[in-house]
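Below is one structure; the comments refer to it alone.
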Protein chains: 2
Amino acid sequence: MAIPESPRRRSRDDVAEMALHLLDEFGLPDLTMRRLATALGVQPSALYWHFPNKQALLAAVSEQILAPMSDIHLDELPLPRAACALGARMRECLLEHRDAAELVSSSLALGLVEPPVRPALLDAARRHGVNDQLAEVAAEVVVHFVLGFVFHEQQRLTADSLGLLERSPAASTDEAGFTEAMTLIADGLEVSMGRRA
Amino acid sequence: MAIPESPRRRSRDDVAEMALHLLDEFGLPDLTMRRLATALGVQPSALYWHFPNKQALLAAVSEQILAPMSDIHLDELPLPRAACALGARMRECLLEHRDAAELVSSSLALGLVEPPVRPALLDAARRHGVNDQLAEVAAEVVVHFVLGFVFHEQQRLTADSLGLLERSPAASTDEAGFTEAMTLIADGLEVSMGRRA
DNA sequence: ACCTGAACACCGTTCAAGT
DNA sequence: ACCTGAACACCGTTCAAGT
């Protein structure tokens, strides 16, 4: 009398979601198409119906990671403070998921994902009558710095979870270095704004 | 009568040099241990006598790429100008070799290679009586920004050498964006120095 | 529309054994 | 000291065929 389980088919989103899950559990090097297929109860070739290739799949995962970026509200923050806030938020998003900085970095470089912080920063610039081009430069500096910084941070995380790493001086003193660097960038931004005004 | 060619053995440096050559010719994804072995006329397993693993080999290649960093002379340049000069030099080094930014980025994150610009920047700071810690922050910002920027730049290079890329508006307007960003960083550095003095 | 089965052309790494 | 030969345990991707 039991209605036979219809063999549930997967959507594109199901696949990306499972990929993110595997990323957190096993890390980027072990996020393979074959592992992902197995986790979904499917043949590896089935994934190629949903995505043209692995890079496209990884781009979808990148988008998931960066999705929380859009519910930040900067209100009337001036450009330099907005840059700081966006950089900090981006770091938080990346730190939520294992190897996220490396993954997003490559999706971004390949142009498969839109640079985060850019739209919000352009918006903030316009509200305060600041040149678009300056906002573009700021976005580039912030995005690259944050990705590089967190990349480094996360590699160290997995390195000493692996037991390597001779010196591990308590937890990370990274937090302070990060905000200090973001302040430096904000200061530079302020000077540039003054020069143009 | 001919003296038989002694089967020339390879040094560690020979291997790294050939790897750099293959990197330029075929790019990072095609720089495999097997290809490298073939190019050297040797079995893949032979490489593991010279290097414990592929990452170590790639670190040696990274060092070659960054080697020209050390023949820059900053003389009496103040810290912000030194940062600009070092960033620009680092970009030049990276642009000399295909996919260099991606490669160096990962060697650096793994801690297998020493951060370029850092020693020279610390030196410049000391000569001018600037706090070490500020030089550290500056080094981090510059290194991460340059790597991220050039990574992006190089990915676009290989992307449109591959024929992809819908819009290719003449050559790259990257040069201008880069110097502008470095100036922004230098300005921030100057402000920070002022605050501490 | 969504997936299977089977194959193709590769990978990095290990290890006993040779010279 | 430096390398061979052979194997192990994998990869991403394609494609005809199934339902």
Side-chain angles (χ1 to χ4, degrees), chain A residues 3-20 22-23 25-62 99 102-103 106-107 110 112 155 158-159 162 164, chain B residues 3-20 22-23 25-62 99 102-103 106-107 110 112 155 158-159 162 164:
Chain A
I3 296 167
E5 287 270 350
S6 71
R8 258 293 260 125
R9 288 160 124 94
R10 286 113 208 117
S11 72
R12 201 188 134 95
D13 283 351
D14 292 337
V15 177
E17 203 173 308
M18 179 63 89
L20 182 55
L22 293 188
L23 178 71
E25 193 144 5
F26 303 110
L28 188 55
D30 289 334
L31 174 49
T32 67
M33 298 301 263
R34 296 172 117 96
R35 248 178 195 275
L36 178 53
T38 304
L40 290 163
V42 116
Q43 295 293 319
S45 47
L47 301 176
Y48 290 84
W49 193 91
H50 297 283
F51 295 94
N53 51 52
K54 191 180 181 181
Q55 280 297 348
L57 189 250
L58 293 181
V61 178
S62 295
D99 294 344
E102 186 177 0
L103 196 168
S106 93
S107 296
L110 292 170
L112 299 176
Q155 215 85 14
T158 70
L162 236 100
L164 319 169
Chain B
I3 297 166
E5 287 272 348
S6 70
R8 258 293 262 124
R9 287 158 125 94
R10 286 111 206 121
S11 73
R12 204 187 132 95
D13 283 351
D14 291 338
V15 177
E17 202 174 309
M18 179 63 88
L20 183 55
L22 292 187
L23 177 72
E25 192 145 6
F26 302 110
L28 188 55
D30 289 334
L31 175 50
T32 67
M33 297 302 261
R34 296 173 117 95
R35 248 180 196 276
L36 177 54
T38 305
L40 290 164
V42 118
Q43 295 293 319
S45 47
L47 300 177
Y48 290 82
W49 193 90
H50 297 283
F51 295 94
N53 51 50
K54 191 180 179 180
Q55 281 296 350
L57 188 250
L58 293 181
V61 178
S62 296
D99 295 342
E102 185 178 1
L103 195 167
S106 92
S107 295
L110 291 170
L112 300 176
Q155 215 84 14
T158 70
L162 236 101
L164 321 167

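All of these numbers come straight from a predicted model, not from anything done at the bench. A note on names: the letters A, B, ... follow the listed sequences, proteins ahead of strands, and every chain is numbered from 1.
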Atom CG of B:L47 and atom C1' of D:dG5 are separated, to the nearest Å, by 15 Å
Does B:Q55 reach the side chain of B:S106, with side-chain heavy atoms less than 4.5 Å apart? yes
Without decimals, in angstroms, what is the distance between B:L36 CG and C:dC11 P? 12 Å
Take atom CG of B:L31 and atom C1' of C:dC11, then tell me their distance rounded to the nearest Å. 13 Å
Counterpart base for C:dT19, defined by Watson-Crick or G-U wobble contacts under 3.5 Å: D:dA1
Can you tell me which nucleotide in D:dT13, C:dC3, C:dT14 comes closest to the side chain of A:Y48? D:dT13
Polar side-chain atom of B:D99 near backbone of B:L28 as donor-acceptor pair, under 3.5 Å: yes
So which nucleotide does D:dA7 pair with, by the Watson-Crick or G-U wobble rule with both distances under 3.5 Å? C:dT13
Taking only side-chain N and O atoms of B:R9, does any of them lie within less than 4.0 angstrom of OP1 or OP2 on D:dC3? no
Whole angstrom value for the distance that separates C1' of C:dT14 from NE2 of B:H50: 17 Å
Nearest of D:dT4, D:dG12, C:dT13 to any side-chain atom of A:K54? D:dG12
Between D:dC3, C:dC3, C:dT13, which one does the side chain of A:W49 approach most closely? C:dC3
I need the CZ-P distance between A:R35 and D:dA9, as an integer number of Å. 15 Å
Residue A:R34, side-chain heavy atoms: nucleotide from C:dC11, D:dG12, D:dA1 that is nearest: D:dG12
Distance test, side-chain N/O of A:Q43 to OP1/OP2 of C:dC3, below 4.0 Å: no
Can you confirm whether B:L58 sits close enough to B:L112 that some side-chain heavy atom of one is under 4.5 Å from a side-chain heavy atom of the other? no
For the pair made of CG in A:D14 and C1' in C:dC3, what is the distance, rounded to whole Å? 15 Å
Check the distance between D:dC11's P and A:L28's CG and give it to me in whole angstrom. 13 Å
Heavy-atom nearest nucleotide on DNA chain D taken for A:N53 and for B:S45; more 5' hit belongs to B:S45
